[in-house]
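In what follows, chains are A, B, ... by sequence order, proteins preceding strands, each numbered from 1. Excluded from the calculations below are hydrogen atoms, water molecules and symmetry mates; all remaining heavy atoms, backbone and side chain alike, are included.
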There are 2 protein chains.
Amino acid sequence: MKTRTAKPQAAAAPLGLDQQLCFALYSTGLAMTKLYRKLLAGLELTYPQYLVMLVLWERDGLAVSEIGERLFLDSATLTPLLKRLEAAGLVSRTRSAEDERQVVIGLTAQGRALKKRAAAVPGAVFCATGCERDELLALKRQLESLRERLADSA
Amino acid sequence: MKTRTAKPQAAAAPLGLDQQLCFALYSTGLAMTKLYRKLLAGLELTYPQYLVMLVLWERDGLAVSEIGERLFLDSATLTPLLKRLEAAGLVSRTRSAEDERQVVIGLTAQGRALKKRAAAVPGAVFCATGCERDELLALKRQLESLRERLADSA
DNA sequence: TGCAATTGAATAGCACGCTATTTAAATTGC
DNA sequence: GCAATTTAAATAGCGTGCTATTCAATTGCA
């Protein structure tokens, strides 16, 4: 009885295994944003706002939809978030001249300046994980491949 | 130039590695809840509501705080969620006789009955991951240990 | 015993993140 | 060349998830 047929999947994971992985994913994500909340408090950024800033620090002047593609978020989430970043003086929102449907997001001087102050965050997070670099890299790859498969099924 | 010293962690992960892991965690979590949204639509449950039901199906009659301990959520999140489950006729909320501060959550007949209909969910999720059981178990353990370390730092 | 400190739940207020819908601009197709 | 479709962003409405606060019940200690 060492091997089991792979067939009865529902029976093989009664209300347990898969749920536990998903719950681990869910609760670890919450714990992560909680850590970021503390680390980003001084910058007055939330974690999703920080992600948007990371994207813009890498490449300025993207359309809302381009930011959304990188972060897997859509305009319903990004529009209000970007308005808050605009209100905070970190980004500008301008309709594109070539395509008036698009809104181009640009960094302000203040937004660019924030990059320096954010430089300490990654190290602090890395530290908090208490993991080796290779461990984190491996975990990242596993999560990305899982993300892809989940997205395909959804 | 193949090897790099591991010392300057902040410099070694300039705005990259740790951030990438965290983003992988974040975005995979979103993808996961998106899949659950589809799978749970027929049960009229959100993913957090499903988690609460899982806890109650395992052990009925828990206090709000006990549910919160299992799910790493507090009363500010659970109270409105539980009221929605109550409004849906799935649970009852009663103040404990021994300690009137506590509210005991009990399954209704309808809540218990829902367990059968939810039985297909884990299999469907397992299927969607496209992973081996061992792979998922390993990932789960890694996430749990990461969660613990993040919680300690937060 | 009596009163302060603690605890459990609820509430207020904010920021996501989603689906569904709306509006306006660009593209297409005939 | 113009109607029909498609696209980008915004909006409406809902359900988390959080911090901070409030209120009532209980505990603990002088």
Out of D:dT16, D:dC18, C:dC16, minimum distance to the side chain of B:P48 belongs to D:dT16

Can you identify which nucleotide, out of C:dT19, C:dA15, D:dA20, has its nearest atom closest to the A:Q49 side chain?
C:dA15

From C-beta outward on B:S65, which listed nucleotide comes closest to its side chain: C:dC18, D:dA10, C:dG8?
C:dG8

Closest nucleotide of DNA chain D for A:T33 versus for A:P80: which of these residues is on the 5' side?
A:P80

Measure from the side-chain N and O atoms of B:T108 to the backbone N and O of B:G111, and report whether any donor-acceptor pair falls under 3.5 Å.
yes

Do the side-chain N or O atoms of A:K83 get closer than 4.0 angstrom to the phosphate oxygens (OP1, OP2) of C:dC16?
no

Please tell me which of A:D99 and A:L73 maps to the more 5' nucleotide of DNA chain C, matching each residue to the nucleotide holding its nearest heavy atom.
A:L73

Grab the CG-P distance between A:L35 and D:dC18 for me, whole Å please.
13 Å

Can you check whether B:T79 has a side-chain N or O nearer than 4.0 Å to OP1 or OP2 of C:dA10?
yes

note: B:Y26, atom OH; C:dA15, atom C1'; distance rounded to Å ~ 11 Å

Nearest of D:dT16, C:dG17, C:dT11 to any side-chain atom of B:R84?
D:dT16

Integer-rounded Å distance: C:dA10 C1' and B:E86 CD
14 Å

Rounded to the nearest Å, what distance is computed from the NZ atom of residue A:K34 to the P atom of nucleotide D:dA20?
12 Å

Contact class for B:L81 (heavy atom, under 4.0 Å): base, sugar-phosphate, or nothing?
sugar-phosphate

Using a heavy-atom cut-off of under 4.0 Å over every strand shown, decide if B:L78 touches base, sugar-phosphate, or nothing.
nothing

Is B:L82 reachable from B:V104 through a run of hydrophobic residues whose side-chain heavy atoms are each under 4.5 Å from the next?
no

Sugar-phosphate, base or nothing in reach of A:E98, heavy atoms under 4.0 Å:
sugar-phosphate

A:Y36 OH to D:dC18 C1', in whole Å, measures 18 Å

Would one find a side-chain N or O of B:T46 under 4.0 angstrom from OP1 or OP2 of D:dG15?
no

Does C:dC18 have its OP1 or OP2 closer than 4.0 Å to a side-chain nitrogen or oxygen of B:K38?
no

Can you see if the side chain of A:Q102 gets near the phosphate of C:dA26 - specifically, an N or O under 4.0 Å from OP1 or OP2?
no

Gap between atoms CZ and P, on B:R37 and D:dT16 respectively (whole Å)
10 Å

note: B:L82, atom CG; D:dG17, atom C1'; distance rounded to Å ~ 14 Å

If you compare every side-chain N and O of B:R93 against the phosphate oxygens of C:dA10 (OP1, OP2), does one of them come in below 4.0 Å?
yes

Would you say A:L85 and A:Q49 make side-chain contact, with heavy atoms under 4.5 Å?
yes

Rounded to the Å, how far apart are B:Y50 OH and D:dT16 C1'?
18 Å

Are the side chain of B:S96 and the backbone of B:Q102 linked by a donor-acceptor contact shorter than 3.5 Å?
no

Residue whose closest nucleotide on DNA chain D lies nearer the 5' end, A:A31 versus A:T77
A:T77

Describe, in one word, how the ring planes of A:F72 and B:F23 are oriented to each other, choosing from parallel (under 30°), tilted (30 to 60°) and perpendicular (over 60°).
parallel

Touch check for A:D74, heavy atoms < 4.0 angstrom, all strands: base, sugar-phosphate only, or nothing?
base

Is the phosphate of C:dT6 approached by B:R101 (side-chain N or O, under 4.0 Å from OP1 or OP2)?
no

Heavy atoms, side chains only, cut-off 4.5 Å: are A:M53 and A:V91 in contact?
yes

